[in-house]
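Each chain gets a letter, A, B and so on, in the order the sequences are listed, and its residues count up from 1.
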Amino acid sequence: MEDALQALRKEVAGWLARNLPPRPAFKLPQSFLEVESQEQLDYLRDWQKKVYEAGYLGMAWPAEYGGRGLPPEHQDVVNEELARVKAPFMFNTIGLFWAGPTILRLGTEAQKQRYIKGILSGDDIWCQGFSEPDHGSDLGNAQTRARRQGDSYLIEGRKIWTTLGHFAKYMILLARTNPEAPNKYAGLSFFLAPMDAPGITVRPIRKITGEYGFNEVTFDAARIPADTLVGEEGQGWQVAMAVLAFERGVERGQAGGMVSFPLTVADVAALARQVHRDGHPAIEDPLIADRLVQFFIEERAFRANMARAHHERLLTPSRPFAPMFMGKLYGSELMKRLADFAVTIQGANAPLYLGEPSAIEGGEWQRSAMNAYGATIGGGTTEVQHNIIGERLLGLPKG
Amino acid sequence: MEDALQALRKEVAGWLARNLPPRPAFKLPQSFLEVESQEQLDYLRDWQKKVYEAGYLGMAWPAEYGGRGLPPEHQDVVNEELARVKAPFMFNTIGLFWAGPTILRLGTEAQKQRYIKGILSGDDIWCQGFSEPDHGSDLGNAQTRARRQGDSYLIEGRKIWTTLGHFAKYMILLARTNPEAPNKYAGLSFFLAPMDAPGITVRPIRKITGEYGFNEVTFDAARIPADTLVGEEGQGWQVAMAVLAFERGVERGQAGGMVSFPLTVADVAALARQVHRDGHPAIEDPLIADRLVQFFIEERAFRANMARAHHERLLTPSRPFAPMFMGKLYGSELMKRLADFAVTIQGANAPLYLGEPSAIEGGEWQRSAMNAYGATIGGGTTEVQHNIIGERLLGLPKG
Amino acid sequence: MSQPLIQWNDEQAMLADAAWDFVRAKFPMETVRRLLESRDGFEHATWQEMGAMGWLGIALPEAYGGSGLGLGSLACIMEAMGQHLCATPFLPSTLAMQAILAAGSAAQRQALLPDLASGQRIATVAFTEPHGSWELRQLDTVATMAKDGYVLQGTKRFVLDYAAADVVVVSAQCQDMPALFAVEKAAFATASSRREIVTDETRRCYELKLDGVCVDSACRLLGGDISQAMRHLELAGAFLMAADLVGAANGAFELTLDYAKTRKQFGHPIGSYQAIKHPLVDAMMGIELGRALVYHAATFLDASEDRQAEVAVRMAKAHANDIMAFMADRAVQFHGGMGFTYDCHAALFYRHSMWARHTYGDAIHHRRHLAPLVL
Amino acid sequence: MSQPLIQWNDEQAMLADAAWDFVRAKFPMETVRRLLESRDGFEHATWQEMGAMGWLGIALPEAYGGSGLGLGSLACIMEAMGQHLCATPFLPSTLAMQAILAAGSAAQRQALLPDLASGQRIATVAFTEPHGSWELRQLDTVATMAKDGYVLQGTKRFVLDYAAADVVVVSAQCQDMPALFAVEKAAFATASSRREIVTDETRRCYELKLDGVCVDSACRLLGGDISQAMRHLELAGAFLMAADLVGAANGAFELTLDYAKTRKQFGHPIGSYQAIKHPLVDAMMGIELGRALVYHAATFLDASEDRQAEVAVRMAKAHANDIMAFMADRAVQFHGGMGFTYDCHAALFYRHSMWARHTYGDAIHHRRHLAPLVL
């Protein structure tokens with residue numbers, strides 16, 4: 001296989017050299033969390049489609065649904081090449097990374113036939129309806145109701161932080177079918193809800209960066225078909241947990257590509273060489289250099305730790321899934337600290353922001369520093385992640 | 001008063017110049033937590049007595065019990081002068097700082113007459129019986145029993161971390177007089193127990209530093225007089241809280257002097273000038289210098305914050321007692337970090353320890369780093385302190 | 001040191017009380033939000049009131065319409081304004097007045113200071129340059145002597161409240177020496193200025209392109225040692241911003257503390273969880289220490305402008321930066337999904353932090369200067 | 001880099017399994033406690049077993065009785081020994097063998113290595129000096145040529161397991177060049193040695209005063225580039241200690257995790273409180289990252305001794321130091337009053353930490369060397 005992968009790497013590199021799109025004149029989002037405008041969407045959708053049509057997306061997904069059925073190492077090689085050239089991220093993130101693998105694992109044959117290909121091509125955009133205004137990290141408490149009525153369910157309630165909600169065709173929806181269930185988890189069900197159902201209203205929410213990209217979605221007796229249910233009624237919590245395992249990288253099966261522009265320590269080091277502080281390049285300050293070295297160590301450790309997942313004998317026997325479990329928690333916090341540091345070293349010019357002509361690197365680092373909270377808060381806050389890992393991986397008692 | 005204080009400062013400085021004892025040939029304890037030997041005790045007791053007889057201890061305590069009845073600023077001046085010359089600490093700490101002020105506030109007239117003077121002179125050594133093997137920071141759960149029998153109480157149970165227990169004449173003892181009380185706190189009582197009562201056994205415990213100084217005390221039907229009760233039966237929790245307020249510095253009223261050899265950032269900076277790392281004085285390493293500057297800022301801030309306690313208008317209205325409340329928590333953690341840093345900068349010689357002729361400054365910093373846990377664990381751990389401050393000072397709900 | 005670490009008199013205490021009352025009354029969060037959209041970012045009526053109360057002249061001698069209380073007394077005003085994210089030209093106008101006081105001739109002081117102290121006119125400073133150094137004596141802007149005056153060439157950044165200002169104090173290199181010019185705004189008719197986009201939308205920063213602007217010789221401040229004056233201005237700026245930052249950190253703290261008491265997750269107020277409670281205690285301690293350092297700096301700054309004052313000011317700014325960075329971060333994080341929205345007040349504090357921490361020196365900068373002073 | 005970050009073969013994996021089994025069986029905590037009081041700090045029978053299993057020659061070529069697996073393969077052995085605080089002369093003897101291998105002539109290698117690889121004889125290194133520098137080429141000890149040999153003058157510190165050793169590799173400055181001597185212990189009859197008191201009572205460190213000791217010319221290692229060999233020894237030492245530290249951090253972690261699950265306060269196991277739970281999660285993450293860095297360093301060290309290997313080793317040691325410092329501190333603190341006692345195993349890890357972190361470079365040292373390599 002090594003030879004095949006080597007050949008693939010070369011092939012992809014060549015393809016990218018010919019097909020990588022130029023950066024557009026308009027501002028690009030840093031991740032799928034902040035697609036605001038139609039022109040941003042079109043650009044990103046075109047790119048995803050191009051990659052898919054070239055055969056470089058969903059390579060490990062089954063061929064009968066639109067994938068290529070190859071071993072996952074092939075997709076890994078493509079992902080590395082995409083990252084190397086800093087290609088645009090795969091905007092249909094919720095479909096490609098979370099909903100898709102969940103449908104492949106737990107959906108019916110009909111659901112796989114209906115949804116998977118559109119996820120890969122980018123024709124069908126997906127959003128996620130998990131969090132509610134009163135229950136952010138506390139998913140088990142979701143109060144949005146789904147009442148069975150013949151061949152439909154009537155949905156009533158509100159979901160929040162719905163990324164891509166204003167463009168989405170489908171939503172993975174966690175709703176309560178049985179408020180009288182013996183425990184709160186057993187009352188939940190999981191749907192692949194069409195977003196064009198009457199009674200669904202999407203209200204945009206402005207982010208700390210000043211940009212848009214996510215929404216509040218209100219369901220006012222919205223009727224969705226009953227065959228959008230995944231698994232049985234009452235199994236919603238289990239399905240949602242499967243989604244979260246993909247979302248947090250605890251399990252693999254994602255279609256491929258990147259979810260955001262990757263920030264690297266090398267980028268920040270390059271910035272530190274450019275930026276001057278009190279008359280000298282920032283990197284000449286021993287304190288800044290040392291901080292950069294610390295980030296280098298963390299970044300390398302993080303990557304080596306993920307690489308270790310392939311070496312069963314090198315995993316800690318009492319916690320073999322530690323590298324995957326900690327990926328979201330550690331990675332999101334590292335990125336936040338790194339972006340914040342990249343702002344800090346800009347010295348007196350650090351307050352200059354997006355849209356300011358003299359902002360250093362266009363103010364993108366400031367934007368990154370703020371956007372970083374999307375990952376330390378979304379998908380289970382850092383605080384909740386600590387609980388989950390402490391309890392599930394380390395076996396510490398619940399508080 | 002300013003003039004009187006100025007004069008006092010001069011007087012004390014002169015007295016100290018004449019009377020400060022030379023450092024003995026044997027190893028001195030760093031604080032009252034580790035008085036191991038009779039020669040250490042004699043040296044420290046002689047010093048305390050000398051200071052007391054010169055009129056420099058308990059200056060603000062009432063004259064009728066052995067104090068001088070002066071405004072507390074007088075004692076403050078003396079304390080500053082003692083610290084300035086790095087005089088030995090006041091070994092009878094539990095009496096001078098915790099038990100004494102509690103007796104003065106809550107004891108009977110007879111108790112004040114009986115106990116206060118011996119505390120000041122050092123003739124009567126005090127220890128504290130609060131923690132139990134199964135209930136360290138969880139004082140309210142104390143299980144040591146006290147049963148009334150005529151004019152006595154019979155004590156049954158175990159206390160732990162009893163500093164000076166092997167030398168003490170008296171113990172401030174928290175014991176349960178009523179296991180059936182409506183709540184666990186209401187069943188506790190507070191005693192001034194004589195340590196020579198039959199049925200009391202003192203077993204020394206070795207510390208992480210390798211030294212001795214505290215003990216486990218077992219009460220096997222030990223009989224103590226009933227008039228050693230402070231307050232009423234069932235008021236033990238309130239009395240213990242008063243003790244802790246003095247212990248944690250939340251309230252003032254301590255006799256005076258210091259409880260340990262003070263570690264200062266200036267000492268560590270001096271060390272960093274001496275110690276070489278990779279061929280250069282440690283202080284020339286910009287990272288070490290910056291860390292020292294950070295410690296300087298913290299130390300200055302800590303002192304300025306305490307000084308602020310005198311300026312009502314400068315306190316934060318919503319939390320006027322913040323400086324006092326945070327003193328124990330912040331101070332103990334700061335000292336621990338500082339001592340650890342002082343070890344770290346010693347480079348390859350950092351592992352050399354007490355008793356090793358080539359150890360840097362006799363290995364005292366290593367000893368300090370370990371002893372520092374006495375303060376971050378004893379008297380309510382740092383974790384418990386966070387809860388207390390979060391709940392009492394900030395009004396956050398209990399967990 | 002034998003001097004008390006903190007001294008504070010009754011006059012200062014009364015001033016502090018008045019400042020807190022005023023700011024609380026004038027700057028509820030709705031007002032702060034409303035002002036985000038306005039041109040000047042502040043209400044001129046509020047400014048007039050501050051002038052009428054005598055606050056603008058606190059650090060000026062009585063001879064110039066001030067009350068001679070000293071710079072240190074401004075700590076509580078800046079702190080209160082920081083806590084409530086109030087934007088007024090208080091900072092730039094104060095620094096401009098300090099520049100004129102320190103470097104101007106008696107005539108220049110007399111001509112300019114009384115109107116600024118009363119609030120009738122507003123001043124600002126054009127010190128910072130594109131190179132971003134906080135060392136005010138590092139100057140790319142050049143002043144060349146010409147007939148009847150000087151020609152200024154260069155670019156200034158972060159000129160606060162330029163649009164509202166009547167007088168601008170500009171720094172420039174003149175014959176290999178730093179120089180200060182107090183210029184009437186009218187003289188900048190030929191300069192190009194534009195508002196800069198900064199993270200902190202409560203502030204109004206401007207870029208000022210001095211492309212051959214001519215100023216009258218009389219504008220040059222000639223009353224004192226310019227190098228000394230600039231050192232004073234660096235410390236004054238750092239001191240005022242330290243007070244602002246400690247106030248802002250406390251504002252973010254109070255906001256988050258309230259939220260932690262009311263917001264429930266998993267059936268309990270989030271403030272009952274130690275993952276929220278303990279960092280809030282740490283933040284509170286850091287803020288208290290910050291307040292102590294600010295008052296300590298105030299005490300030493302008013303006592304004398306010696307090395308000790310410099311030490312105290314730099315300590316205060318370094319610490320204030322760090323605690324604000326910590327608290328702004330925790331404020332966003334602990335508000336959860338809400339904290340990630342533009343409409344959450346945590347966002348205002350976070351964005352203010354990015355501006356304030358990098359104005360008049362960040363923590364690394366000040367600690368670097370402290371090392372030779374304290375070690 | 002196109003090279004995989006971590007590579008590990010089946011032989012290495014089997015070795016790792018064997019190492020963990022052996023150490024678990026041989027070093028329960030009671031044994032560790034008992035050995036604290038012993039003269040040598042280890043049992044010679046255990047050492048013989050390690051020799052018999054071939055562990056001592058893992059990093060030696062087969063020609064000298066080794067198995068040629070490379071230094072990287074020692075990671076798991078050091079890690080297992082670190083986790084259980086096992087003291088054997090594995091570290092000093094391995095470093096001595098590496099010195100002889102890197103700097104000795106073929107004849108010297110052949111004469112010394114097979115007996116050391118089999119465990120029949122024990123070697124140690126006398127590199128560190130009172131000045132405490134971790135740069136091995138910084139030498140105050142001097143070797144002067146004399147009739148038939150060299151006279152050594154100087155003081156060595158932290159000579160591990162000197163009392164048990166048969167051969168000592170000594171570094172000294174000789175005619176302005178660093179030199180290494182592999183000396184039979186008998187030659188030190190005139191030297192004065194004494195056991196040093198160190199915080200870590202599981203280790204045996206000695207001071208060696210070389211007050212005119214004469215060694216035979218044949219002792220001087222003359223087979224390779226001495227400077228290069230010393231650079232290799234610095235990295236080898238740092239690498240082995242990094243593995244030890246990550247293991248020890250995990251040992252302290254497991255100890256504390258168990259305690260957190262069983263010890264109750266306020267009616268609940270202390271591990272149910274976030275103030276304990278969350279830092280334990282952070283510690284676990286740091287330890288996992290540390291293991292990854294150690295295996296990464298092992299991979300690169302065996303691939304080639306280039307700049308990348310140096311980067312990987314220094315990263316591993318810097319990180320291992322930091323995570324051990326964190327974990328040793330938390331282990332003591334989270335054991336509460338018990339943690340403050342000599343009899344609590346947390347104390348052993350804490351005291352080991354003080355030794356191990358400062359052996360072959362602390363975090364500041366390695367990061368300083370990394371800056372020019374990675375930035």
Q: Identify the heavy atoms of A:Ala348 and C:Gly132 that sit nearest to each other, and give their distance.
A: CB-O, 3.0 Å

Return one line per donor-acceptor pair between chain A and chain C under 3.5 Å, naming both atoms and the distance rounded to 0.1 Å.
residue: A:Pro133; atom: O; partner: C:Arg263; partner atom: NH1; Å: 3.1
residue: A:Asp134; atom: O; partner: C:Gln265; partner atom: NE2; Å: 3.1
residue: A:Gly136; atom: N; partner: C:Gln265; partner atom: OE1; Å: 3.2
residue: A:Ser137; atom: N; partner: C:Gln265; partner atom: OE1; Å: 2.9
residue: A:Asp138; atom: OD2; partner: C:Phe266; partner atom: N; Å: 2.8
residue: A:Arg206; atom: O; partner: C:Tyr342; partner atom: N; Å: 2.8
residue: A:Ile208; atom: N; partner: C:Phe340; partner atom: O; Å: 2.8
residue: A:Ile208; atom: O; partner: C:Arg351; partner atom: NE; Å: 2.8
residue: A:Ile208; atom: O; partner: C:Arg351; partner atom: NH2; Å: 3.0
residue: A:Thr209; atom: O; partner: C:Arg351; partner atom: NH2; Å: 3.0
residue: A:Arg277; atom: NH1; partner: C:Asp362; partner atom: OD2; Å: 2.8
residue: A:Arg277; atom: NH2; partner: C:Asp362; partner atom: OD1; Å: 3.0
residue: A:Arg277; atom: NH2; partner: C:Asp362; partner atom: OD2; Å: 3.2
residue: A:Asp278; atom: OD1; partner: C:Ser133; partner atom: OG; Å: 3.2
residue: A:Asp278; atom: OD1; partner: C:Trp134; partner atom: N; Å: 3.0
residue: A:Asp278; atom: OD2; partner: C:His365; partner atom: ND1; Å: 2.4
residue: A:Asp278; atom: OD2; partner: C:Arg368; partner atom: NH2; Å: 2.8
residue: A:Lys336; atom: NZ; partner: C:Asp329; partner atom: OD1; Å: 2.6
residue: A:Lys336; atom: NZ; partner: C:Asp329; partner atom: OD2; Å: 3.4
residue: A:Asn349; atom: OD1; partner: C:Arg157; partner atom: NH1; Å: 2.8
residue: A:Asn349; atom: ND2; partner: C:Pro130; partner atom: O; Å: 3.0
residue: A:Pro351; atom: O; partner: C:Thr199; partner atom: N; Å: 2.8
residue: A:Tyr353; atom: N; partner: C:Ile197; partner atom: O; Å: 3.0
residue: A:Glu356; atom: OE1; partner: C:Arg194; partner atom: NH1; Å: 3.1
residue: A:Glu356; atom: OE1; partner: C:Ile197; partner atom: N; Å: 2.8
residue: A:Glu356; atom: OE2; partner: C:Arg194; partner atom: NH1; Å: 3.4
residue: A:Glu356; atom: OE2; partner: C:Arg194; partner atom: NH2; Å: 2.7
residue: A:Tyr373; atom: OH; partner: C:Asp329; partner atom: OD1; Å: 2.5
residue: A:Thr376; atom: O; partner: C:Gln333; partner atom: NE2; Å: 3.0
residue: A:Thr376; atom: OG1; partner: C:Gln333; partner atom: OE1; Å: 2.7
residue: A:Glu383; atom: OE1; partner: C:Gln333; partner atom: NE2; Å: 3.1

Q) Based on non-hydrogen pairs under 4.5 Å, which of C:Ala325, C:Ala275, C:Ala347, C:Gly337 is most in contact with chain A? A) C:Gly337

Q | Per-residue contact mode, A:Ala359 against chain C (heavy atom under 4.5 angstrom) | A | neither

Q.
With side chain to side chain contact (heavy atoms under 4.5 Å, CB included) as the criterion, how do C:Ile197 and A:Leu352 come out once you've worked through the C-alpha distance, each side chain's angles and the decisive distance to 0.1 Å?
A. CA-CA 6 Å; C:Ile197 302 174; A:Leu352 298 172; over 6 Å; no

Q) Quick one: what part of A:Leu354 sits under 4.5 Å from any heavy atom of chain C, side chain, backbone, both or neither? A) backbone

Q: State, to 0.1 Å, how close A:Ile377 and C:Val332 come at their nearest heavy-atom pair, and which atoms those are.
A: CD1-O, 3.7 Å

Q) Taking A:Ala350, A:Gly347, A:Gly363 one by one, which has the highest count of heavy-atom pairs under 4.5 Å against chain C? A) A:Gly347

(Q) If you count heavy atoms of other groups shown closer than 6.0 angstrom to CE of C:Met177, is the number above 12? (A) no

Q | Residue A:Val384 versus chain C: region with a heavy atom under 4.5 Å | A | side chain

